[in-house]
Amino acid sequence: MAELSTRYNPKEIESRLYEFWESGGFFKPKPDAVPPDGVRWERASAYTVVIPPPNVTGILHMGHALNNTLQDILVRWHRMKGEPTLWVPGTDHAGIATQNVVEKKLEKEGKKRQDLGREKFIEEVWKWKEEHGTTITKQLRRLGASCDWSRERFTMDEGLSKAVREAFTQLYEKGLIYQGNYIINWCPRCQTALSDEEAPSTETEGKLYYYYYLVKDPKTGKLSREGAPLIATTRPETMLGDSAVAVNPKDGRYKNLEKLEIYLPLQNRPLKVIRDDFVDPEFGTGVVKVTPAHDPNDFEMGIRHQLEQRNILTPDGRINEKGKPYEGLDRFEARMKIIEDLKAAGLFEKEVPHRHAVPHCYRCHTVVEPYLSKQWFVKMKPLAEKALKAHATGKVKITPERWNKVYTNWLENIRDWCISRQIWWGHPIPVKGDPDVLDTWFSSWLWPFSTLGWPEETEDLKRFYPTSDLVTAPEILFFWVARMIMAGLEFMGEVPFKNVLIHGTVRAQSGLKMSKSLGNAIDPIEVIDEVGADALRLSLVMLAAQDVYLSKEKFEVGKNFTNKLWNAARFSFLNLKDFKAGEFDPGLDFKKLTPVNRWILSRLEETALEVEFNLKRFALAQAATGLYHFVWGKFCDWYIELVKPTLTGPDCREKEETEKVLFTVLDQILRLLHPWAPFITEELWQKLKEFAKDKSDWPPSLMLAAWPHVEKRRFEDKASEESFKVLEQAVGGIRELRADLNLPPGQALSAVIRYRNKAAHEALLVFQKEIQKLARLDSLELKGEFKRTAAYVGHAASEVEVFIQIEGVIDREKEKARLEKKIEEVERYLDSIRKKLENPNFRRNAPEELVVEEEGKLLEQEALLKTLREHYELFK
RNA sequence: GGGCGAAUAGCUCAGCCGGCUAGAGCACUCGGCUUACAUCCGAGAGGUCACAGGUUCGAAUCCUGUUUCGCCCACCA
């Protein structure tokens with residue numbers, strides 16, 4: 001075998017391995033997988049995930065990296081378990097976002113979309129998609145995502161367009177789609193309707209303007225502010241669309257308001273006076289101007305009181321002919337002009353600062369205008385009811401738990417969904433002569449089944465629907481997840497997935513959302529270039545128990561760990577060089593193995609159990625952390641160090657056995673780690689494979705190798721684990737003394753270890769050689785006598801007492817102080833245990849085992865204290 | 001305005017059903033190039049678990065309230 005470099009270099013291997021996997025067809029579900037009982041896999045046993053389709057315009061950001069890493073871990077795990085596993089990839093046409101991108105591109109060429117005309121423009125968008133639409137899928141490959149690319153879909157491809165038409169038709173025929181004049185969120189820049197979810201509000205420091213309306217004197221017919229109501233509004237320009245003023249029916253202050261003839265200033269139009277419960281007497285002056293065409297509440301009031309709906313805005317946010325004399329002005333210009341004019345007319349009272357929520361377009365951040373227009377809607381109540389029921393009966397589970405309430409709360413208060421958009425790029429509404437297109441989400445909500453072929457009854461649909469797990473960020477719980485559940489139930493009669501895993505949002509270290517425009521984004525591809533995809537994945541996942549606050553240093557964890565793994569394997573390969581595996585099953589010989597080998601196998605099996613337990617409950621971070629500590633803290637720090645002399649020593653039975661165990665442990669580690677770190681584990685596993693004598697039953701890729709599932713424990717050995725604790729105490733004690741005493745590295749050292757019980761004695765006998773090696777001792781005596789010529793320093797743990805004897809002089813005062821500190825510590829601890837045990841209530845109420853445990857601790861600590869005191873006497 | 005979440009070492013976080021002297025990684029201090037790895041090895045220092053009450057033999061963990069931060073939702077003009 002070629003020598004491995006001393007450092008892990010991900011660049012060399014990543015693209016080569018991905019190509020190997022993809023061209024080998026390993027990402028495709030097994031067509032003929034057969035479970036142990038010989039029955040063909042049933043639909044229920046397939047494992048399916050559909051990717052949250054990134055926008056075609058997108059470039060991979062950290063949110064994607066986390067999201068897809070989590071999916072890939074689950075997918076690779078299930079695939080290794082032997083389940084027919086399918087991860088469906090694809091991209092979203094992202095209506096407004098994509099249209100904006102292409103418009104911007106045209107702008108640079110000095111063109112507008114209107115210049116091209118609709119047909120030509122759409123051609124341009126497709127052209128753009130062909131050229132740039134593969135960026136994100138290429139980037140997902142760099143991450144290692146094991147999607148079945150042969151099944152890649154696009155929300156505007158032919159099949160999905162058909163699904164969209166079918167879904168629309170079905171809803172239409174059921175009477176769940178209607179068209180109506182409605183007040184909707186309108187983006188004057190994008191010139192389209194937006195759903196409520198697309199128009200998020202931001203708290204804004206605004207102003208509340210107070211000014212007088214006019215009253216007509218019945219005698220003179222003159223208009224004046226005498227006795228007229230003062231009103232307050234944040235958007236004075238909408239007064240041009242006023243139809244009435246309203247007060248609360250119970251508001252005593254305005255009993256006679258109806259008797260007045262109220263007129264609108266500037267336009268001098270008569271207004272109605274109405275009374276409505278909506279009006280809050282506490283807010284402003286208690287009098288509200290009513291503008292049915294430009295405010296959602298006023299719209300409702302307008303319906304209740306049959307008011308005129310006066311639309312005063314053009315689609316691009318300018319005042320139209322109804323708003324004379326302000327016609328042609330932009331809405332914000334008009335606001336200023338109107339305030340000026342009101343001031344000039346002596347009607348303006350004051351302006352006060354006012355914090356309020358202002359909706360903005362989620363794409364271009366323009367202030368959204370409530371706007372009256374004809375739109376298409378889906379009646380959501382009937383769909384939501386089914387989705388609530390499916391959730392209540394446990395058909396869909398959301399993890400973490402707390403999101404369940406958020407989900408149900410939203411569905412219970414659902415409002416109809418405005419699905420038409422006045423843009424060009426999107427699915428046309430299949431209604432003759434309608435120029436609108438459908439909301440992007442109208443195609444994405446069908447994603448879990450449309451990607452599998454619906455409305456055709458395909459094999460894929462039968463085999464892989466419903467899917468298994470959906471992994472997503474919380475931001476699109478309503479946009480997407482809830483709607484998919486509704487669509488799945490409506491069109492397929494079944495929930496689209498069984499589990500929803502919601503992970504944290506990736507933020508910059510500052511706590512802000514990462515975004516390119518804020519300049520605080522860390523590019524995952526850059527990180528992959530620097531430390532490798534595996535390091536990125538491991539770091540992200542280990543941090544991702546909740547929201548992730550990222551900075552570049554955080555990828556060190558993964559980087560260092562992959563390098564450690566690389567070197568552990570490198571060491572193994574150097575020492576396995578004349579080894580032929582294949583026929584070896586440690587399970588057969590387990591009882592005959594050396595204690596060290598039994599110990600590592602026992603720990604390995606425990607780790608495998610823990611990893612699977614955590615994977616099952618979607619605790620991917622905990623699973624990764626557990627593996628990390630096993631590999632680094634046990635396998636590298638102890639096992640490899642312990643078996644070094646054996647492996648590098650002369651050939652013997654023990655050496656052969658150790659090589660076999662090392663081979664097994666490394667193989668299992670690589671398998672366990674593969675879902676998190678697919679590249680490095682594959683690379684190392686392929687090398688490991690070269691040592692196996694019989695490779696016929698080894699799959700071509702680690703991706704397809706069997707997952708270390710522990711059905712029944714084969715390697716459990718509590719005794720060797722206990723002995724190992726004694727070893728750790730002994731070695732740790734000597735190291736501590738060495739460091740405390742600041743001994744020079746070459747210092748010759750003899751140690752004496754005394755034991756407290758038979759088990760400890762046996763453990764010491766078993767590991768005597770190892771202790772000597774790890775603690776770098778010249779000699780080691782068990783329960784030996786102290787030489788009169790040497791000075792001694794001691795350390796006592798629960799089961800062993802460790803002394804080192806040093807020829808020559810040691811600093812007695814320093815050692816005295818050290819012992820005093822230790823004695824004090826133990827006394828304090830002993831005190832707390834005694835207090836606990838002396839409390840009669842503790843004995844009465846605490847569980848039996850706990851009391852026994854505490855009593856054990858008491859004896860242990862007492863013995864320890866005795867030794868420390870005896871030793872202290874020597875230094876007095 | 002309503003709902004949710006967070007508050008633990010200098011930093012980022014783990015601590016499930018209440019009970020091992022509250023842990024890890026980074027940073028820090030001391031000592032080491034020990035024939036896999038200095039992206040490393042060994043040792044160490046560092047915490048009144050936000051605050052105030054309560055339940056309990058026992059609370060970082062459960063309950064109540066307070067403070068600070070974050071997120072989501074909402075039509076108060």
Side-chain angles (χ1 to χ4, degrees), chain A residues 4 6-8 183 196 200-201 208 231-235 238 246 278-280 282-285 287-291 295-300 354 356-357 370 400 402-403 405-406 409-410 413 474-475 477-478 505 507 509 511 513 531 535 539 542-543 545-551 553-554 556-557 559-575 617 619 621-622 625 628-629 633 636-637 640-641 644 648 731-732 735-740 742-745 773-776 825-826 828-829 832-833 836 839-847 849-850 853-854 857 861:
Chain A
L4 267 60
T6 61
R7 289 178 180 192
Y8 172 49
I183 196 120
D196 290 337
S201 302
L208 192 58
I231 66 101
T233 180
T234 53
R235 295 185 296 152
T238 62
F278 163 77
V279 182
D280 176 0
E282 305 291 319
F283 188 91
T285 60
V287 189
V288 182
K289 59 192 272 306
V290 185
T291 322
D295 183 277
N297 300 308
D298 296 7
F299 176 78
E300 300 290 337
H354 180 64
H356 62 141
R402 67 190 141 93
W403 290 103
K405 224 190 283 171
V406 181
N409 190 44
W410 185 75
N413 299 300
E475 288 93 359
L477 185 61
F478 306 138
T505 303
R507 292 170 197 289
Q509 191 69 73
K513 218 166 167 169
V531 301
S539 310
M542 284 171 78
L543 286 166
Q546 45 179 297
D547 279 7
V548 190
Y549 292 82
L550 270 189
S551 60
E553 311 86 72
K554 300 224 166 141
E556 296 282 318
V557 193
K559 183 187 168 194
N560 295 348
F561 183 60
T562 47
N563 189 57
K564 188 74 181 172
L565 179 69
W566 180 263
N567 275 290
R570 189 168 152 257
F571 170 82
S572 306
F573 297 155
L574 288 172
N575 291 288
R617 58 187 194 109
Q622 281 90 328
T625 309
Y628 176 95
H629 285 113
C636 292
D637 286 351
I640 287 187
E641 292 308 323
K644 250 180 197 170
T648 53
V731 174
R735 284 173 175 169
E736 194 184 313
L737 289 174
R738 212 187 249 284
D740 276 0
N742 236 327
L743 298 177
K773 162 85 181 154
L774 288 186
R776 305 173 69 198
E825 246 170 55
V826 175
R828 213 179 307 127
Y829 184 38
S832 76
I833 301 173
K836 205 184 254 189
N839 184 339
N841 286 325
F842 175 70
R843 291 195 179 268
R844 206 177 312 132
N845 297 329
E849 316 87 83
L850 194 71
E853 205 179 295
E854 292 293 329
K857 268 192 243 163
Q861 294 299 313

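Side chains included, hydrogens not; waters and symmetry mates left out as well; all remaining heavy atoms used. Residue numbers begin at 1 in each chain, while the letters A, B, ... track the order of the sequences.
Taking the C1' atoms as reference points, B:A59 lies 16 Å from B:C20, given to the whole Å. Spacing between B:G58 and B:A43 at atom P, rounded to whole Å, works out to 37 Å. Between B:A24 and B:G46, the distance separating the two P atoms is 14 Å to the nearest Å. Straight-line distance between the C1' atoms of B:U39 and B:C57: roughly 50 Å, to the nearest whole Å. The gap from the P atom of B:G23 to that of B:C16 amounts to 14 Å, rounded to the nearest Å. Using P as the reference atom, B:G18 and B:A45 are 32 Å apart when rounded to the nearest Å. Straight-line distance between the P atoms of B:G47 and B:U8: roughly 15 Å, to the nearest whole Å. To the nearest whole angstrom, the two P atoms, one in B:C41 and one in B:U35, are 14 Å apart.
For the pair A:Glu300 CD and B:A77 C1', the computed distance is 15 Å after rounding to whole Å. In this structure, the OH atom of A:Tyr628 is 18 Å from the P atom of B:G23, given to the nearest Å.
Across all strands, A:Val557 comes closer than 4.0 Å only to sugar-phosphate atoms, never to a base (heavy-atom distances). Across all strands, A:Arg828 comes closer than 4.0 Å to no nucleic acid atom at all (heavy-atom distances). Contacts of A:Glu849 with the nucleic acid, taken as non-hydrogen atoms under 4.0 Å apart, are absent. Using a 4.0 Å heavy-atom distance criterion, A:Pro370 is classed as making no nucleic acid contact. When heavy atoms are screened at a 4.0 angstrom cut-off, A:Phe561 is found touching no nucleic acid atom at all. Here A:Glu556 lies out of heavy-atom contact (under 4.0 Å) with every strand. Within the 4.0 angstrom heavy-atom criterion, only backbone atoms of the sugar-phosphate kind lie near A:Asp637; the bases stay farther away. Nucleic acid contact for A:Asn845: base, since at least one base atom lies under 4.0 Å from a heavy atom of the residue. Contacts of A:Lys405 with the nucleic acid, taken as non-hydrogen atoms under 4.0 Å apart, involve only primed sugar atoms and P, OP1 or OP2.
Salt bridge status for A:Lys857 with A:Glu854: present, with a side-chain N to carboxylate O gap under 4.0 Å.
Between A:Arg617 and A:Ser832, the residue anchored closer to the 5' end of RNA chain B is A:Arg617, taking for each the nucleotide with the nearest heavy atom.
Taking every side-chain heavy atom of A:Asp280 into account, B:A77 is the closest of B:U39, B:A77, B:A36. You'll find that the side chain of A:Ile640 is closest to B:A36, out of B:A77, B:C57, B:A36. Listed nucleotides B:A77, B:C41, B:G15 differ in distance to A:Gln622; the shortest reach to its side chain belongs to B:G15. Taking only side-chain atoms of A:Asn563, from C-beta outward, the nucleotide of B:U39, B:U12, B:A36 with the closest atom is B:U39. Of the candidates B:C57, B:U34, B:A43, B:C57 carries the atom nearest the A:Ala846 side chain, counting heavy atoms from C-beta on. Listed candidates were B:C57, B:A36, B:A77. Nearest to the side chain of A:Asn839 is B:C57.
Pair assignment for B:A52: B:U64, on the basis of Watson-Crick or G-U wobble contacts that are both within less than 3.5 Å. In this structure B:A14 sits in no base pair that meets the Watson-Crick or G-U test at under 3.5 Å. Under the Watson-Crick and G-U wobble criteria, each requiring two contacts below 3.5 Å, nucleotide B:G70 is paired to B:C4. Nucleotide B:C30 is matched to B:G42 when pairs are restricted to Watson-Crick or G-U wobble geometry with both distances under 3.5 angstrom. Remark: B:C57 base-pairs with B:G19. Criterion, Watson-Crick or G-U wobble with two distances under 3.5 Å.
A sub-4.0 Å separation between OP1 or OP2 of B:A36 and a side-chain N or O of A:Lys644 is present. The side chain of A:His629 places no N or O atom within less than 4.0 Å of a non-bridging phosphate oxygen (OP1 or OP2) of B:G25. For B:G5, the OP1/OP2 oxygens have no side-chain nitrogen or oxygen of A:Arg402 closer than 4.0 Å.
In the interface, the side chain of A:Glu641 is paired with the base of B:A36 through a donor and an acceptor atom under 3.5 Å apart.
A:His354 and A:Phe283 have perpendicular rings, their planes meeting at more than 60° on a 0 to 90° scale where under 30° would count as parallel.
To the nearest 0.5 Å, the span separating CD on A:Gln861 from CD on A:Glu825 amounts to 10.0 Å.
At least one donor-acceptor pair under 3.5 Å links the side chain of A:Asn567 to the backbone N or O of A:Asn563.
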